[in-house]
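So the structure is just underneath, and the comments pick up after that.
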Amino acid sequence: MITRTKILHPKKQVLVKFSLLCLLMLGYFGYLSYQYDVLTGGIASLLTWSFFVLCTPVADAGFLLDFPLRLLFGIRMVISEIAVWVIAIVLNIVSFGYFPAYYDTTVLTRLMQQILANPYPYWAVILLSGAGTFLSIRFGDELMDVIHHHDREFFHSHHFKHELILMMFFILVLFGYYELIVSLEIDQKF
C-alpha cells in the first residue's frame, strides 16, 4: 500500500524545527530549574547556549535565530549571527565577572569557565569557532541567495578556486579546533 505524506512548505518546516528547538531549550531549562532553582537554571541554560555559540565551529546555537530570520524576514544570517555572538559574549563577561558560581552547574558550563579563565591557549577555541561559524554562515547565505536567485550573477562570477580555498581553510579551522579541544582533556577533568 502506497501512502502519501504531506510535505510541508519550507517556511512551515522552519517554524516546526524552530518550535522543537525552543521546546528542547525549555525542557533543558526546566530540568536545570528542577535540579537547582529557577534563577540558576535560567542562567545555566543561557551559559550552555553561549558555549554552543562561542565554542563550536558551526552556527548551531545561532540556528535558533539565523535560519528562521533569513527564511521568514530575509535578514542575512551573518547579521543575525553577529547579534548572537554579541549577546553570548556580553552574557559571559557579566557572568564570569560577577556571577562565576553559575559556571559550576554543568559539564559544559565548567568547560566554558575553563576556556574563559585560560586565555592562552584556550581563547583560540573561541577564535577558531568564530572563523568556522562565520564561514559556514557565509556558505549558508550564498546557498540561500542562489536558491532565491539573489546575487546569482555574483555567485557564478566567482571561480571554483575561491570556494576551494575557503573550504580548505574551514577544514584547517576544524583540525585546529579539534586539537585544542583534545588538549583540554575533558574526559579526565569532568
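Basis for what follows: all heavy atoms, side chains included, without hydrogens, waters or symmetry-related copies.
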Residue pair [X] / [Y]: nearest heavy atoms and the distance that separates them:
{"X": "S129", "Y": "T56", "result": "OG-N, 3.3 Å"}
{"X": "D104", "Y": "R110", "result": "O-NH1, 3.5 Å"}
{"X": "V53", "Y": "W85", "result": "O-CZ2, 3.3 Å"}

Can you hop from [X] to [Y] via hydrophobic side chains spaced under 4.5 Å?
{"X": "I82", "Y": "F52", "result": "yes"}
{"X": "L54", "Y": "V94", "result": "yes"}
{"X": "I93", "Y": "L127", "result": "no"}
{"X": "I89", "Y": "Y98", "result": "yes"}

Just jot down the side chain to side chain contact (heavy atoms under 4.5 Å, CB included) partners of [X], sequence neighbours excluded, or say none.
{"X": "L26", "result": "none"}
{"X": "F51", "result": "C55, L108, L111, M112, I115"}
{"X": "L39", "result": "D37, I43, Y102"}
{"X": "L46", "result": "L91"}

Mark yes or no for whether [X], through its side chain, and [Y], through its backbone, hold a donor-acceptor pair below 3.5 Å.
{"X": "S50", "Y": "A88", "result": "no"}
{"X": "W123", "Y": "L116", "result": "yes"}
{"X": "T40", "Y": "Y36", "result": "no"}

### Query
Once you round to the nearest 0.5 Å, how far does CD of Q114 lie from OH of Y122?
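Separation between the atoms: 6.0 Å.
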### Message
For T48, give me all partners under side-chain hydrogen bond (donor to acceptor under 3.5 Å, both in side chains), at least two apart in sequence or on another chain.
### Response
Y28
### Task
Just jot down the side-chain hydrogen bond (donor to acceptor under 3.5 Å, both in side chains) partners of Y103, sequence neighbours excluded, or say none.
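With neighbours one apart ignored, the set is N92.
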### Task
Classify the side-chain pair T109/T105 by whether it contains a donor and acceptor separated by less than 3.5 Å.
yes
### Task
Could you identify which residues cluster with F29, counting Ile, Leu, Val, Met, Phe, Trp and Tyr as linked when any side-chain heavy atoms lie under 4.5 Å apart, either directly or through a chain of such contacts?
V38
